[in-house]
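Numbers here are sequence positions counted from 1.
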Amino acid sequence: MSDASVEDLVTAKPSRRTALVGLCTTEITSWGVLFYAFPVLAPSITAQTHWPVSVVAAAFSAGLVVSALVGIPAGRWLDRHGPRGLMSAGSVLGVVAVVAIALAPTLPVFVAAWLLAGPAMAATFYPPSFAAVTRWYGPDRVKALTALTLVAGFASTVFAPLAAALDGWLGWRGAYLVLAVVLATVTIPIHLTVLRLPWPPAPRHDTDASPSVGAVVVSRGFVALLAAVTLGGFAMYAVVVNQVPLLIARGMDATMAAWALGLGGAGQVAGRLFYSPVLARVSAVPRTVAVLAAGVATTALLALVPGPPVVLVAVAILAGMARGLYTLVQATAISDRWGAAAYGRLNGILSAPVTIATAIAPGAGAVIATGVGGYPVLFGILAVVCTAGAIAATLTSPS
C-alpha cells in the first residue's frame with residue numbers, strides 16, 4: 001500500500017467523525033428551533049394575537065406536509081450531490097422562515113411563513129442527515145446513525161425549556177427572533193464547513209445488486225414497508241402529543257404529566273442505546289416487527305393501566321423507548337433491504353407519508369378522543385393501528 005493510501009485511511013475517520021459531530025449539533029438545533037419550540041410557544045401565540053388555535057396549529061402542520069412533499073426531490077438531489085449544498089440552503093431558508101414567523105403581522109403571513117419553513121425542514125431534519133451518514137459510513141452506518149439520533153434526541157430537552165424561558169422574557173416574537181439567530185449561527189457555518197467531505201459513489205455491490213428505484217417503489221416489500229412505518233409512526237407520534245391529557249384523565253396533575261412526558265424523552269435515548277448492541281444484529285424484517293410490537297404493547301398499557309402514577313410514568317418511559325427504537329428502524333429500513341445506492345430517493349419517498357402522519361397526528365388524536373369518549377379509548381385505537389403496522393412489517397422482505 002502506498003504512503004498516500006495509508007494517509008487517506010488515517011485521515012478519513014477523523015473527517016467522518018467531524019461531519020458526524022457537526023450533524024449531531026445541527027440536528028439538535030434544527031429540530032429544536034423548527035419543531036420543538038412551536039408547542040411551547042403556541043399558547044402565547046394564540047393568547048397574544050387572538051388567532052384561532054386550530055389555524056395556528058394547522059399552519060405548523062401544513063409546514064410539515066410541505067416538508068414531506070419536498071423531501072422526495074430532495075432525496076434525489078442527495079443521491080447525486082451529497083448533503084452540503086442542500087443542508088446549507090435549508091439552514092438559510094430556515095432562518096428566513098423563523099424571522100418571518102416572528103414578524104408576521106397577520107395570520108395569512110404567519111401561515112405563509114410556516115409553508116416556507118417546510119422546505120427548510122425537508123433539507124435539515126433527519127432524512128438528509130441519515131442519507132449522508134449512510135453513504136459516508138457504509139458498513140459502520142448503524143453505530144453512526146445510533147450516535148446521531150441519540151444526541152439529536154435531546155433537542156426537546158434543550159430547546160423546550162429555552163423557548164419557554166425566552167417566551168417569558170421576550171414574548172413569543174422575541175423568542176423566535178433569538179432562536180433564528182441561534183439557528184443561523186450554529187447550522188449555516190457547520191453545514192458549509194464540516195460537510196465538505198467528498199461524496200462517495202454508491203457502493204458497487206449495491207449498484208449491481210439493487211433493482212431500480214421504480215422497481216423497488218412498486219414492489220410488495222416497499223409498499224408493505226410504507227404501510228408499516230406510516231401506521232406505526234402515526235400511532236407513536238399521536239401517543240406523544242396526546243399523552244399529557246391521557247395522564248391528566250388518569251388523575252395526574254399537569255406538572256406530573258409533563259414530567260412523565262419528559263421522562264419518556266429520556267426513554268427514547270435509552271431505546272437508541274439498546275438498538276446497536278442488540279437489535280442491529282437481528283435481520284431487518286423481524287427487527288421491524290419487534291419494534292412495532294413494542295409500540296403496540298406500550299400503547300395498550302397506556303390505554304389499560306389506570307394507575308398508580310409511578311406505574312404510568314414507568315409505562316411512559318417504556319413508550320419512549322419504543323419511539324427511540326422506531327426512529328432507528330426507519331433510518332436503516334432502506335439500506336438494510338435495498339442497499340445504499342438510491343438511499344436518498346427511496347428514504348425521501350418512505351419519509352413523506354410518515355411526516356404527513358406526524359403532521360396530522362395531534363389534531364386527529366384529539367378529534368378521535370372526543371368522538372370515542374376519552375383518551376383511554378383513543379390509546380386503545382392507536383394500539384390497533386400500530387398492530388396493523390406490525391402485521392404489514394412481516395411482508396417487508398425485499399425479495
What distance separates T124 OG1 from H191 NE2, expressed to the nearest 0.5 Å? 7.0 Å

State which residues pass ring pair (Phe, Tyr, Trp, His ring centres under 6.0 Å) with W136; sequence neighbours excluded, sorted by chain then number. W199

CD1-CG distance between I391 and L292, expressed to the nearest 0.5 angstrom: 11.0 Å

What's the separation between atom CG in L41 and atom CZ in R173, rounded to the nearest 0.5 Å? 12.0 Å

Using the side-chain contact (heavy atoms from CB on, under 4.5 Å) rule, take I334 and F130 through it: C-alpha gap first, then chi angles, then the decisive distance, then the call. CA-CA 11 Å; I334 296 298; F130 287 165; over 6 Å; no

For F222 and L226, what are the C-alpha separation, side-chain angles and deciding distance, and is it a side-chain contact (heavy atoms from CB on, under 4.5 Å)? CA-CA 6 Å; F222 188 86; L226 205 65; 4.1 Å; yes

Could you tell me which non-hydrogen atom of F125 sits nearest to which non-hydrogen atom of L34, and how far apart they are? CZ-CB, 3.8 Å

Lys/Arg cation over aromatic Y137: R16, 6.0 Å, 45° cone: yes

V296: hydrophobic cluster co-members (side-chain, 4.5 Å): none

Can you tell me how far CG of L20 sits from CG of L145, rounded to the nearest 0.5 angstrom? 8.5 Å

Y343 reachable from V217 in the ILVMFWY side-chain graph, under 4.5 Å edges: yes

Listed partners of R323 passing salt bridge (Lys or Arg N to Asp or Glu O under 4.0 Å), at least two apart: none

Not counting sequence neighbours, which residues clear side-chain contact (heavy atoms from CB on, under 4.5 Å) with L231? List them please. V385, A388

Please say yes or no: joined through hydrophobic side-chain contacts below 4.5 Å, possibly via intermediate residues, are L148 and F35 part of one cluster? yes

Dump the intermediate steps for side-chain contact (heavy atoms from CB on, under 4.5 Å) on L382 and V239, then the final yes or no. CA-CA 8 Å; L382 294 176; V239 165; 4.0 Å; yes

Walk me through it: do D79 and R135 pass the test side-chain contact (heavy atoms from CB on, under 4.5 Å)? CA-CA 9 Å; D79 281 335; R135 184 71 67 89; 3.8 Å; yes

Least distance between heavy atoms, L183 atom then S91 atom: CD2-O, 4.4 Å

Closest approach of A322 to M236 (non-hydrogen atoms, all atoms of both residues): O-SD, 4.1 Å

By side chain to side chain donor-acceptor pair (under 3.5 Å), which residues pair with S44, not counting sequence neighbours? D167

Side chain to side chain donor-acceptor pair (under 3.5 Å) partners for T146, two or more places apart: none

Pair listing, ring-ring contact (aromatic ring centres under 6.0 Å, His included) test, anchored in residues 76-103, at least two apart: W77-H81

Would V305 end up clustered with I381 when hydrophobic side chains under 4.5 Å apart are linked, directly or stepwise? yes

Within this structure, what is the OG1-CG distance for the pair T355 and L69, rounded to the nearest 0.5 Å? 9.5 Å

Name each donor-acceptor pair under 3.5 Å that joins a side chain in residues 59-68 to protein atoms two or more places apart or in another chain, with its distance.
{"residue": "S61", "atom": "OG", "partner": "A57", "partner atom": "O", "Å": "3.3"}
{"residue": "S61", "atom": "OG", "partner": "A359", "partner atom": "O", "Å": "3.0"}
{"residue": "S67", "atom": "OG", "partner": "L64", "partner atom": "O", "Å": "2.6"}

Applying side chain to side chain donor-acceptor pair (under 3.5 Å) to T149 and not counting sequence neighbours gives none

Could you tell me which residues satisfy side chain to side chain donor-acceptor pair (under 3.5 Å) with R337, sequence neighbours excluded, listed by chain and number? T288, T396

Is the W172 ring parallel, tilted or perpendicular to the W51 ring (thresholds 30°, 60°)? perpendicular

P286 meets the side-chain contact (heavy atoms from CB on, under 4.5 Å) criterion, sequence neighbours left out, with V282, S283

Are side-chain heavy atoms of V311 and P308 found at a separation under 4.5 Å? yes

Given 3.5 Å as the limit, does a donor-acceptor pair link the side chain of T394 with the main chain of A390, or not? no

Tell me whether V96 shares a hydrophobic cluster with L177, the cluster being built from Ile, Leu, Val, Met, Phe, Trp, Tyr side chains joined at under 4.5 Å. no

Give the cluster check for M87 versus L116: same hydrophobic cluster or not, with ILVMFWY residues linked at side-chain heavy-atom distances below 4.5 Å. no

Interatomic distance, N242 atom CG to I368 atom CD1 [nearest 0.5 angstrom]: 8.5 Å

Test side-chain contact (heavy atoms from CB on, under 4.5 Å) applied to R84 - qualifying residues, sequence neighbours left out: S88, L192, L195, R196

Backbone N/O of A131 and side chain of T134: donor-acceptor pair under 3.5 Å: no

Under a 4.5 Å cut-off applied to non-hydrogen side-chain atoms, are F159 and T29 in contact? yes

So Y126 and W31, would you call those rings parallel, tilted or perpendicular, with 30° and 60° as cut-offs? tilted

Determine whether a donor-acceptor pair (N or O, by modelled atom type, separation under 3.5 Å) exists between the side chain of T187 and the backbone of A184. no

